[in-house]
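Here's the structure we're looking at; comments come further down.
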Amino acid sequence: MRPSLVILTGAGVSAESGLGTFRDTDGVWSKFDWQKLATPEGFAEDPAAVHGFYNARRQGLARAEPNAAHAALAELEAAWLARGGDFLLVTQNIDDLHDRAGNRALIHMHGELLKARCNACGTVRDCHDDLSIADSCTACGRDGQMRPHVVWFGEMPLGLEQAYGALENATHFAAIGTSGTVWPAAGFAEAAKAAGARTCELSLEAGESGHFFDDTAYGPASRIVPDWAKAMLDEVSA
Ligand code: BV8
């Protein structure tokens, strides 16, 4: 069987790039109300507040750089494919640090901070500056319909069919920097285990899917991910 690696990342992989996690002490959701700022209902009620929340994060992202964990995952993709394996990185993160580091087989299942979507025609476009309800859609021309291209609570994550297809054929799965709190991503470890994959958790501490992991490594992602990536390549080259 071809070695097939599926990786799920969460906010912990970007923490050392200066981007906040969500549920750690003083995490994003300890300062901001996710029901007001990360749900369709919150956006309908106060679009300006939601745009302000994502505009501030977009400005913060412009100052962030990929860290050694992002670099190691990009190198791992290239080397894994070069050895004839299959590779897929599914991220819950809406930052573009995996993209900038060089990963290509990449799904942003919770959307992308640097993209905007028109509620009227569904067109998605790049968005590197502040977005506001006053902006008009560059495709259909309608005003007041632009939103962040981000998956809010209660909305369908993106790329699930491709993600589950890869999980069904996975020989190896790793969850990196995620608390395993948010569904359906939190069910990926179980799905990989059911497919017979060897599963690994890399984080600062055990998340909520702990019992589905064969191996664990705890510590800062910028240190443990490069070590793990090297061990994976040694294994697939053996
Ligand atoms: C949906 C928006 C219908 C963008 C986010 C059962 C089945 C299905 C759904 C549900 C279910 N039960 C409940 C639900 C509803 C809900 C849900 O899961 N709620 C939870 C809170 C209980 N899920 C949904 O609404 C999803 N949609 O269900 O649609 C459906 C149903 C079935 C099948 C398909 C569809 C939509 C979820 C997406 C919501 N959007 N964000 C944004 O503003 O960012 S979620 C938010 O949480 C972020 O996207 C974030 O990425 C995500 C997950 O959090 P983590 O990345 O894990 O971050 P966290 O802070 O929690 O943890 C950080 C980890 O890193 C920690 O472990 C820490 O130890 C570690 N760490 C910290 N520093 C470091 C580190 N590790 C290494 N190094 C470090 N330096």
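All ligand and atom numbering here is 1-based and tracks the order in the structure.
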Q. Are any of the heavy atoms in G27 under 4.0 Å away from ligand 1?
A. no
Q. So which protein heavy atom does atom 71 (N) of ligand 1 come closest to, and at what separation?
A. G12 CA, 3.5 Å
(Q) Show the atoms of ligand 1 that are less than 4.0 angstrom away from any heavy atom in P220. (A) 78 (N)
Q. With a 4.0 Å cut-off on heavy atoms, does A38 reach ligand 1?
A. no
Q. Once you round to the nearest 0.5 Å, how far does CG of L114 lie from CD1 of I94?
A. 8.5 Å
Q. Looking at atom 5 (C) of ligand 1, what's its closest protein heavy atom, distance included?
A. V151 O, 3.9 Å
(Q) What protein heavy atom lies closest to atom 26 (C) of ligand 1? Include the residue and the distance to one decimal. (A) W183 O, 3.3 Å
Q) Hey, do the aromatic rings of F212 and F173 have their centres closer than 6.0 Å? A) no
Q.
Looking at ligand 1, is there an atom of it that comes within less than 4.0 Å of some heavy atom belonging to Y54?
A. yes
Q) Between C137 and M146, does a side chain to side chain contact (heavy atoms under 4.5 Å, CB included) hold up when you go through it step by step? A) CA-CA 7 Å; C137 173; M146 297 309 292; 3.9 Å; yes
Q | Distance filter under 4.0 Å to W152 heavy atoms, resulting ligand 1 atoms | A | 36 (C), 39 (C)
Q.
Ring centroids only, cut at 6.0 angstrom: are W29 and F22 within range, meaning strictly under it?
A. yes
Q. Counting heavy atoms only, which of S222, S203, G180 is nearest atom 70 (C) of ligand 1?
A. S203
Q) Is it true that G207 lies under 4.0 Å from ligand 1, counting heavy atoms only? A) no
(Q) Only heavy atoms of G177, strictly under 4.0 Å: list the atoms of ligand 1 that pass. (A) 63 (C), 64 (C), 65 (O), 76 (N)
Q) In terms of atom number and element, which parts of ligand 1 are under 4.0 angstrom from non-hydrogen atoms of L160? A) 34 (C)
Q) So which heavy atom in the protein is nearest atom 27 (N) of ligand 1, and how far is it from that ligand atom? A) E155 O, 2.7 Å
(Q) Within ligand 1, which atoms have a heavy atom of V150 less than 4.0 Å away? (A) 2 (C), 4 (C)
(Q) Out of all atoms in ligand 1, which are within 4.0 Å of some heavy atom of T181? Include the element for each. (A) 20 (C), 22 (C)
Q.
If you compare all heavy atoms of S209 against all heavy atoms of A186, which two are closest, and at what distance to 0.1 Å?
A. OG-O, 3.3 Å
Q | Closest protein heavy atom (residue, atom, distance) for atom 16 (C) of ligand 1 | A | F153 CD2, 4.0 Å
(Q) Can you see whether W228 has R223 sitting over its ring - NZ or CZ less than 6.0 Å from the centre and within 45° of the normal? (A) no
Q | Shortest heavy-atom approach to atom 46 (C) of ligand 1 - which of R223, E112, R23, Q92 | A | R23
Q: Under 4.0 Å, heavy atoms only, figure out whether ligand 1 is touched by the backbone of A185, its side chain, both or neither.
A: neither
Q | Atoms in ligand 1 flagged as close to A221, the criterion being non-hydrogen separation under 4.0 Å | A | 77 (C), 78 (N), 79 (C)
Q.
Under 4.0 Å from a heavy atom of E16: which atoms of ligand 1 are those, numbered in the order shown and with their elements?
A. 78 (N), 79 (C), 80 (N)
Q) Do the non-hydrogen side-chain atoms of H70 and V13 ever get within less than 4.5 Å of each other? A) yes
Q: Examine ligand 1 and decide if any of its atoms is less than 4.0 Å from a heavy atom belonging to A186.
A: no
Q. To which protein heavy atom is atom 50 (C) of ligand 1 closest, and what is the distance rounded to 0.1 Å?
A. F22 CE1, 3.5 Å
Q.
Check contact between M109 and ligand 1, using heavy atoms of the residue and a distance below 4.0 angstrom.
A. no
Q) Once you round to the nearest 0.5 Å, how far does CG of L19 lie from CG of L97? A) 5.5 Å
